[in-house]
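Following: one structure in structure tokens, then a few remarks.
Below, chains carry the letters A, B, ... as their sequence lines are ordered, and counting in each starts from 1. The figures that follow rest on heavy atoms only: side chains count, while hydrogens, waters and symmetry mates do not. These numbers were taken from a predicted model, which means no experiment stands behind them.
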2 protein chains.
Amino acid sequence: MDKSPQVLLELVERLSNLMRAEFRRVSSDEQLQPVHVQALTYLARANRYSNTPQAMAEYLGLTKGTVSQSLLLLDRRGLIERYQDDLDRRVVRLRLSQAGDAFIAEAQPQLAWQHATRNISPNRIRNAVSALRETLATFQEDNEGRAFGQCHGCQHFERLSTRAYRCGLMGDRLSGPETKRICWLYVQKGTAVEEDEDD
Amino acid sequence: MDKSPQVLLELVERLSNLMRAEFRRVSSDEQLQPVHVQALTYLARANRYSNTPQAMAEYLGLTKGTVSQSLLLLDRRGLIERYQDDLDRRVVRLRLSQAGDAFIAEAQPQLAWQHATRNISPNRIRNAVSALRETLATFQEDNEGRAFGQCHGCQHFERLSTRAYRCGLMGDRLSGPETKRICWLYVQKGTAVEEDEDD
DNA sequence: CCGATTTGGTATTGACACGATACTAAACCG
DNA sequence: CGGTTTAGTATCGTGTCAATACCAAATCGG
């Protein structure tokens, strides 16, 4: 039996543990926990469909109750803003406040990671990304978990013209930058098997 | 600027979060926390140099005090055994108890992961492993953190004959299986750049 | 050889993550 | 328009986690 998957898991967990420690370090000034940094990072990358407590809970693998508490804290600290959705008034929408934006910009939580990957060729990184991405997709299928992803590669993504896009599921028009954010309604487009490219 | 490293980090964290949730699921019968599963898994793979609270704390990215608490709990539950080192009586050595062994064997915490990676070719996994391994090594250098690894690839590793090994640093002879475990004294042997292999 | 320092580990305390449960209010559905 | 579902909050108990203080064994420096 091949034990490589096992080893891969070990690496993923260890790296994640180290980043968690790193998050703790950079956020100790603000009295924040690692999970708060993750939450802020998520919000910095979420689009209009995924900027809700529900989606965040799914993304972080936590319950909605737990996430709700963390959001209360972040709100008290003035790092995020919460506002009601116009159409569905049960829904709470989230965004980074100016202070939250500033925190992410200054603390640079991923700096250590950027450094750690500096010697690895972009190609090897892309290969690793593609393998992990596929792992994640399968994982989510297995657990009936919702998928997250960027418009590029999503079934619902439609290109109206060179600079105009649309989400076929929601019917909304999307700005260029918004198609780069993390969406909750992501559905993998017909899956051709990707194989690693050479360097 | 290339954003691939960023994406890689996102994937690592998300997968790790999902596995954490998975750990919580499989260990909720035993009233254990995800970190306890990680600790037990670590012990199942640690060798004679790394089966101490200190090493575990380093590996998990936690402080020794925190780890000490978790170990107390695991001891109370009868999942691990703690005993004194003969030479240095400050040192506590750890090992899985029979119950701990059984738990790891039954709960199969990595099962979900095995499933999630089933469709990925061994070669792509190896490539991903190699990239992440290198990331980890650089990360540890940057933070003056100690490295972890298996004898194969360690500077101190000496092969006495076809089946006899020795750790040059500690001077101990090692059994074959022990060279496959996680060691704390690991030092990367002269680093030739590995490049991805084709499939 | 013996005081000073270092090292491995534990005890205690306080903040808070986290799940479980119970709840509210809005939306949906027949 | 009553029953159900859905998004989120409130509350509570367990236990992680860092910080601090502490102890004992080892090591170092004269």
Side-chain angles (χ1 to χ4, degrees), chain A residues 17-40 49-77 79-80 82-94 146 184, chain B residues 17-40 49-77 79-80 82-94 146 184:
Chain A
N17 283 337
L18 289 175
M19 282 305 292
R20 183 174 298 263
E22 175 70 14
F23 284 171
R24 199 179 294 279
R25 224 178 42 68
V26 304
S27 64
S28 55
D29 305 344
E30 299 275 350
Q31 303 266 50
L32 294 180
Q33 301 287 325
V35 68
H36 298 148
V37 179
Q38 289 194 328
L40 293 175
Y49 306 128
S50 50
N51 61 351
T52 71
Q54 186 83 291
M56 183 185 287
E58 190 103 11
Y59 188 84
L60 297 178
L62 304 175
T63 62
K64 57 181 182 163
T66 297
V67 167
S68 179
Q69 294 314 302
S70 292
L71 291 174
L72 280 182
L73 183 148
L74 289 173
D75 195 2
R76 279 201 304 274
R77 300 279 171 81
L79 293 168
I80 63 172
R82 304 194 292 167
Y83 56 100
Q84 253 188 359
D85 186 277
D86 298 330
L87 296 172
D88 187 337
R89 280 185 318 197
R90 294 170 304 178
V91 174
V92 172
R93 304 238 158 242
L94 308 164
R146 213 169 299 230
W184 195 33
Chain B
N17 283 337
L18 289 175
M19 282 305 291
R20 182 173 300 263
E22 175 69 14
F23 284 171
R24 200 179 294 279
R25 225 177 42 68
V26 304
S27 64
S28 54
D29 305 343
E30 298 275 349
Q31 304 265 51
L32 294 179
Q33 301 287 323
V35 67
H36 298 150
V37 179
Q38 290 194 330
L40 292 176
Y49 306 128
S50 50
N51 61 352
T52 71
Q54 186 82 293
M56 183 185 286
E58 191 103 10
Y59 187 86
L60 297 178
L62 305 175
T63 63
K64 56 180 183 164
T66 297
V67 167
S68 180
Q69 295 313 303
S70 293
L71 292 175
L72 281 181
L73 183 147
L74 289 173
D75 197 1
R76 281 200 302 274
R77 300 278 172 82
L79 294 168
I80 64 172
R82 303 194 291 169
Y83 56 101
Q84 252 188 0
D85 186 276
D86 297 330
L87 294 172
D88 187 335
R89 284 185 316 202
R90 292 170 306 179
V91 174
V92 171
R93 304 234 158 247
L94 308 164
R146 214 170 298 231
W184 195 31

- Task: Please tell me if the side chains of Asn17(B) and Gln38(A) come closer than 4.5 Å, counting only heavy atoms from C-beta onward.
- Result: yes

- Value in whole Å for how far the C1' atom of dA26(C) lies from CG of Asp85(A): 12 Å

Under 3.5 Å, which donor-acceptor pairs link side chains of residues 69-77 of chain B to any protein atom two or more places apart or in another chain?
{"residue": "Asp75(B)", "atom": "OD2", "partner": "Arg82(B)", "partner atom": "NE", "Å": "3.1"}
{"residue": "Arg77(B)", "atom": "NH1", "partner": "Glu30(B)", "partner atom": "O", "Å": "3.2"}
{"residue": "Arg77(B)", "atom": "NH1", "partner": "Gln31(B)", "partner atom": "O", "Å": "3.2"}

- If you walk 5' to 3' along DNA chain D, what is the first nucleotide with an atom under 4.0 Å of a heavy atom in chain A, and what is the last? dT6(D) to dA18(D)

- Message: Considering every strand and a 4.0 Å limit on heavy-atom distances, what is the contact class for Leu87(B): base, sugar-phosphate, or nothing?
- Response: sugar-phosphate

- Task: Heavy atoms under 4.0 Å is the rule here; annotate nucleotides 9-20 of chain C 5' to 3' with B where the base is hit, S where only the sugar-phosphate is, and - elsewhere.
- Result: BSBB---SSBB-

- Can you check whether Leu32(A)'s main-chain N or O pairs, donor with acceptor, with Ser27(A)'s side chain at less than 3.5 Å? yes

- Task: Would you indicate whether the side-chain heavy atoms of Val35(B) and Thr66(B) approach each other to under 4.5 Å?
- Result: no

- Go through the side-chain N and O atoms of Arg24(B) and Gln33(B) and say whether any donor and acceptor fall under 3.5 Å apart. yes

- Query: How many angstroms lie between atom CD of Gln54(B) and atom OG of Ser68(B), to the nearest 0.5 angstrom?
  - Reply: 11.0 Å

- Rounded distance [0.5 Å steps], CG in Leu18(A) versus CZ in Phe23(A): 11.5 Å

- Could you tell me which non-hydrogen atom of Asn51(B) sits nearest to which non-hydrogen atom of Tyr83(B), and how far apart they are? ND2-OH, 3.9 Å

